[in-house]
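I have placed the structure first, in the form of structure tokens, so that the comments after it can refer back to it.
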Amino acid sequence: MKDYDFSQIENKWQKAWEDDKTFSRELPDRRGKYYVLEMFPYPSGKLHMGHVRNYSIGDALARFKRMNGFDLMYPMGYDALGLPAENAAIKHQTHPREWTESCIATMMDQQKALGLSYDWSRFLATCRPDYYRWNQWFFLKLLEKGQAYRREAPINWCGDCGTVLANEQVIDGCCWRCDGPVVQKNLEQWFLRITDYAEELLADIDTLTGWPESVKTMQRNWIGKSHGAMVNFRDRDTGAPIPIFTTRPDTLYGVRFMVYAPEHPDVLKMAQGTDREQEVRAFVDKAMNQDKYQRAADDKEKEGVFLGRYAVNPLNGDEVPIYTANFVLMEYGTGIIMAVPAHDQRDFEFAKKYGIGIKVVISPPGEQLKESDMDRAFVERGTLVSSGPFDGMDNEEAKEKIALYLEEQGIGSRTVQYKLRDWLISRQRYWGTIIPVIYCAKCGIVPVPEDQLPVTFPDDVKFTGQGNPLLSSESFVKTECPSCGGPARRETDTMDTFIDSSWYYFRYCSADYDKGMFRREDIDRYMPVDQYIGGIEHAILHLLYSRYFTKALRDCGLTSVSEPFTNLLCQGMVTHETYKDATGNWLYPAEIVKKDGGVFKLDDDSPVSVGRVEKMSKSKNNVVDPGNIIGEYGADTARMFILFASPPEKQLEWTDAGAQGAHRFLKRVWNTVQSVAEKLQDTNPASGEIDGGILRLTHKTVKRVTADIGERMNFNTAIAALMEWLNAFTAYAGADGADPATLRYGAETFLHLLLPFAPHIAEELWRDLGHDDMLSLRPWPAFDPALTLDEEIEIPVQVNGKIRGKLTVPRDAPQDGVLAQALEIDNVRAHTDGKTIIKKILVPNKIVTIVVK
RNA sequence: GCCGGAGUGGCGGAAUCGGCAGACGCAGGGGACUUAAAAUCCCCCGGGAGGCAACUCCUGUACGGGUUCAAGUCCCGUCUCCGGCACCA
């Protein structure tokens with residue numbers, strides 16, 4: 001018998017699929033489309049286990065759908081613009097393009113070594129002009145529609161690097177790269193008006209029935225809709241309007257002070273000329289220089305200063321002092337709040353600290369709350385007091401009533417606020433899509449004419465790590481105004497790379513098209529994505545931006561799709577035990593050995609301490625390299641283990657023993673099918689009736705595997721079913737008198753079911769059974785429901801809820817007979833004799849229950 | 001604090017609609033083959049009690065209650081863990 005030479009087999013079939021164009025061919029007789037998509041990777045040059053898990057899940061589903069006759073879309077590409085390439089350029093003095101392209105090449109090789117059935121003819125890389133050209137084109141469309149705009153906004157600025165930083169790139173108020181101070185700065189930046197879509201993005205979450213609850217909740221929280229009222233307070237002395245947003249109009253009679261965000265442009269103006277001016281200026285300066293993250297820290301003490309001015313409450317004429325304080329955010333609402341210390345914990349703390357009075361306007365029903373007794377704000381439901389005409393009203397009702405009254409009086413209006421901000425897309429970086437506009441002293445902001453797209457990367461730039469490299473290219477920056485022909489300057493900001501990933505799944509549908517972003521008919525054919533698979537870390541960013549882009553594309557008349565991803569699967573992390581040697585150094589799994597119930601270092605046998613199971617990460621060295629695993633066990637084993645060990649959305653702990661278990665299974669498959677192939681050589685063609693036991697087991701297995709992949713995406717139970725089948729079949733095949741027709745039927749059906757998980761070995765064994773077509777393109781086996789049911793059924797018999805015996809009866813046997821038989825069982829008798837039977841229950845083909853007293 | 005998810009053998013997990021808890025695999029134990037080892041194959045494997053034994057009984061799905069002939073599954077309450085958000089007025 002041949003050995004299971006996985007390495008030779010896997011190379012052979014990967015090449016065969018490529019030569020045959022097995023997965024990029026148009027297939028006949030399809031029954032509808034299915035689009036499987038994995039989140040495209042950033043080409044770092046090295047595949048990790050998280051990728052392998054992602055692709056193993058997607059490929060198993062894709063192969064299943066292909067065999068089930070679907071017009072399958074299953075593409076792969078690269079999210080190839082971004083900072084790492086630029087940092088590599090600075091470090092190694094290479095061009096980001098070279099670094100990225102070489103990473104793409106190695107990454108693709110590693111993906112091909114996994115035997116994934118992508119249609120590589122749809123390949124895309126976002127760093128290539130044929131892709132980012134359409135980013136630019138669409139940006140201009142958005143600009144035309146007012147969806148893209150430029151405004152001044154506060155951002156994180158690192159003076160040493162001369163660039164903006166994302167919030168997550170600011171660590172303890174310092175730049176993550178140069179450790180220099182980061183300051184808040186107002187800069188002109190490009191934004192996309194995603195807030196225009198806040199309501200639709202929120203409402204449509206309800207239509208995403210195929211998404212995990214957790215992701216939908218995170219998106220809802222992020223959009224952060226709240227109902228409330230705008231109320232117009234006034235400055236007592238100048239009469240200037242002081243608009244505020246509140247969700248608690250029911251507490252309006254309890255307002256004791258007002259607070260402005262320190263960044264609010266009116267703060268300094270208001271303090272001007274009062275005796276507070278110096279104090280206010282000092283406070284604002286301090287607040288402005290503080291890192292936003294620090295200022296919002298949990299344990300941060302509330303601090304503020306009185307502006308020396310007063311506001312008038314439009315509802316009851318109360319005059320209250322105006323403060324500025326660190327806990328009020330400029331970005332939310334109007335940047336000004338009304339403060340009700342009796343009924344808001346933050347306001348309560350602030351009032352206590354600065355000796356401001358408290359006024360109760362809501363009391364628990366039937367009680368009178370006293371200010372002097374309060375040690376915290378009262379925020380529960382209650383009844384209004386000291387609120388003029390609204391006294392005695394339930395506070396929930398008063399929210400609506402008071403808001404209506406404000407509208408009647410023209411001093412406020414009911415309104416809705418969102419936490420969602422417009423999307424800041426400007427980046428002072430090189431390796432991103434260049435924003436296609438030109439600045440002309442005479443004409444202002446002028447879009448680059450469509451026929452001049454794409455605006456490509458200039459190559460005469462220096463990567464110094466200081467500032468935006470694009471600024472160093474004079475040939476790029478200096479240009480002519482497309483409108484008046486005069487001297488002009490190109491935009492040097494590039495787009496956030498999340499733009500690239502917000503529409504790539506549309507592009508796959510028309511990857512070769514050069515007249516537009518995509519062809520309408522291709523989108524109509526394949527969109528939306530039926531199953532999207534990726535990590536939970538994109539729950540907000542990528543998935544929200546993509547939903548926004550999809551709606552924006554629709555509103556530009558380019559598609560009729562409203563939601564991009566029908567079903568979303570968020571795979572769990574890949575984890576591994578951690579190891580430390582005696583001196584506390586992290587060890588790689590490859591550096592240790594487990595023996596005699598202990599764990600030791602491979603090179604010197606010194607003891608190793610085993611730490612927690614944690615997400616695979618370079619910092620703890622607990623990483624297993626997919627390349628090594630494929631070398632040692634093969635891609636089929638790696639895929640098999642990953643899918644078997646855990647359901648896809650749960651955490652997966654990589655264990656070497658588990659991988660060996662998966663490998664053992666494949667070897668058993670190999671040995672069993674090879675022995676069948678040998679037997680069939682002598683006795684072919686097989687004829688005659690198929691063994692009833694194997695026939696029923698096989699139909700049952702087809703049914704289970706079909707549902708486990710197609711309906712539940714529980715690959716682990718599908719594989720368990722295959723293992724059970726193999727255990728039974730191996731026993732049958734090894735016994736005397738195994739029938740050739742049964743052997744052929746069983747082995748051939750099984751290989752179809754195995755293929756989505758372990759495609760190489762399945763193809764090879766299919767060949768060895770004497771076939772010369774591609775198993776990958778064969779139809780999925782059907783099952784006969786009648787044959788998935790056993791003829792005889794074992795039924796447990798309970799007395800008072802405890803099992804006292806079992807009964808083997810034909811399926812659908814008459815109920816009376818079954819009950820009579822059940823009562824005859826010795827052990828059942830032992831528990832019923834001398835007692836009164838008060839109830840007999842028979843669930844057909846399931847269980848018999850007798851209740852006695 | 002708020003929101004979401006989860007707690008089942010030594011371990012990963014299964015039980016899909018309220019109907020035999022622990023499928024399948026890993027680890028462990030025993031046996032076969034072998035000069036020996038590896039590989040492979042077979043058997044056992046939640047806890048406790050009784051029996052020579054086939055077997056029988058009790059107990060068990062985080063904890064406390066409840067509904068039901070029957071609960072891992074449904075309801076009420078509690079605890080723990082994981083993830084997200086968090087001064088959003």
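Quick note on labels: first sequence line is chain A, next is B, and so on, each numbered from 1.
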Looking at the rings of A:Tyr323 and A:Phe350, which for Trp means the six-membered one, are their centres under 6.0 Å apart?
-> yes
Atom P, compared across B:A86 and B:G77: separation rounded to whole Å: 29 Å
Among B:A89, B:C69, B:A39, the one nearest any side-chain atom of A:Lys839 is B:C69
Separation of B:A86 atom P from A:Leu329 atom CG, nearest Å, is 11 Å
**Prompt:** For B:G25, does OP1 or OP2 lie under 4.0 Å from any side-chain N or O of A:Asn727?
**Reply:** yes
On RNA chain B, more 5' by nearest nucleotide between A:Glu653 and A:His831 is A:Glu653
To the nearest angstrom, the CD-C1' distance between A:Gln651 and B:C82 comes to 9 Å
With syn defined as a glycosidic angle within 90 degrees of 0 and anti as anything else, the base of B:G5 is anti
Between CZ of A:Phe350 and C1' of B:A89 the distance, given in whole Å, is 14 Å
Say you pick atom P in B:A21 and the same atom in B:C58; how far apart are they, in whole Å? 12 Å
**Whole-Å P distance, B:C20 and B:G31** = 37 Å
Output row for RNA chain B, stems defined as at least 3 consecutive Watson-Crick or G-U pairs under 3.5 Å, is B:1-7 with B:79-85, B:10-12 with B:24-26, B:28-32 with B:40-44, B:46-50 with B:55-59, B:62-66 with B:74-78
Scanning both residues in full, the closest heavy-atom pair of A:Ser646 with A:Gln651 reads OG-O, 2.9 Å
- Rounded distance in Å between the P positions of B:G13 and B:A6: 14 Å
query: Side chains of A:Glu303 and A:Asn326: donor-acceptor distance under 3.5 Å anywhere?
result: no
In whole angstroms, the gap separating P of B:C87 from CD of A:Glu331 amounts to 11 Å
The glycosidic conformation of B:C20, counting syn as within 90° of 0 and anti otherwise, is anti
*Can a donor-acceptor pair under 3.5 Å be found between the side-chain atoms of A:Lys840 and the base atoms of B:C69?*
no
Check: A:Thr195/A:Asp422 side-chain N/O donor and acceptor closer than 3.5 Å
yes
Inset, instruction - Check whether any side-chain nitrogen or oxygen of A:Arg804 sits under 4.0 Å from OP1 or OP2 of B:C57, and answer yes or no. - result: yes
| message | Please tell me whether A:Phe750 and A:Phe729 form a close aromatic pair, meaning their ring centres lie under 6.0 Å apart. | response | no
Nearest-nucleotide check on RNA chain B, A:Asp344 vs A:Asn716; residue mapping nearer the 5' end is A:Asn716
The nucleotide from B:C20, B:C69, B:U56 with an atom nearest the side chain of A:Glu794 is B:C20
Given the options A:Met230, A:His227, A:Glu400, A:Arg414 meets side-chain contact (heavy atoms from CB on, under 4.5 Å) only with A:Glu400
Tightest non-hydrogen contact, residues A:Val852 and A:His831, listed as CG2-O, 4.1 Å
ask   = Side-chain N or O of A:Ser226 less than 4.0 angstrom from OP1 or OP2 on B:A89?
value = yes
Between B:U8 and B:C3, how far apart are the P atoms? Round to whole Å, please.
25 Å
Original post:
What integer number of Å spans the P atoms of B:C63 and B:A53?
Top reply: 33 Å
task: Would you please confirm or rule out a distance under 4.0 Å between OP1 or OP2 of B:A15 and any side-chain N or O of A:Arg712?
output: yes
> P atom, B:C33 versus B:G48: distance in rounded Å?
Replying inline: 33 Å
B:G13 phosphate, OP1 or OP2: any side-chain N/O from A:Ser646 under 4.0 angstrom? yes
- Message: Any donor-acceptor pair, under 3.5 Å, between the side chain of A:Thr849 and the base of B:G19, if you only look at N and O atoms?
- Response: yes
Which part of the nucleic acid does A:Pro212 contact within heavy-atom distance under 4.0 Å: base, sugar-phosphate only, or nothing? nothing
Among B:C85, B:G19, B:A89, the one nearest any side-chain atom of A:Lys419 is B:C85
In short, A:Pro243 meets A:Ile336 closest at the heavy-atom pair O-CD1, 3.7 Å
Check: Looking at B:C87, does its base get a donor-acceptor pair with the side chain of A:Lys302 below 3.5 Å?
Finding: yes
From CZ of A:Arg668 across to P of B:C26 the rounded distance in Å is 8 Å
Exercise for review: Would you please indicate yes or no on a ring centroid separation below 6.0 angstrom for A:Phe257 and A:Tyr354?
Suggested key: no
Per atom distances to the A:Lys802 side chain, the nearest of B:C58, B:A89, B:C57 is B:C58
The nucleotide from B:U40, B:A21, B:G84 with an atom nearest the side chain of A:Met218 is B:G84
Distance check, P atoms only: B:G30 and B:G9, in whole angstrom units. 25 Å
Quick note, A:Arg664 side chain, CB onward, closest among B:C24, B:C20, B:U40 is B:U40
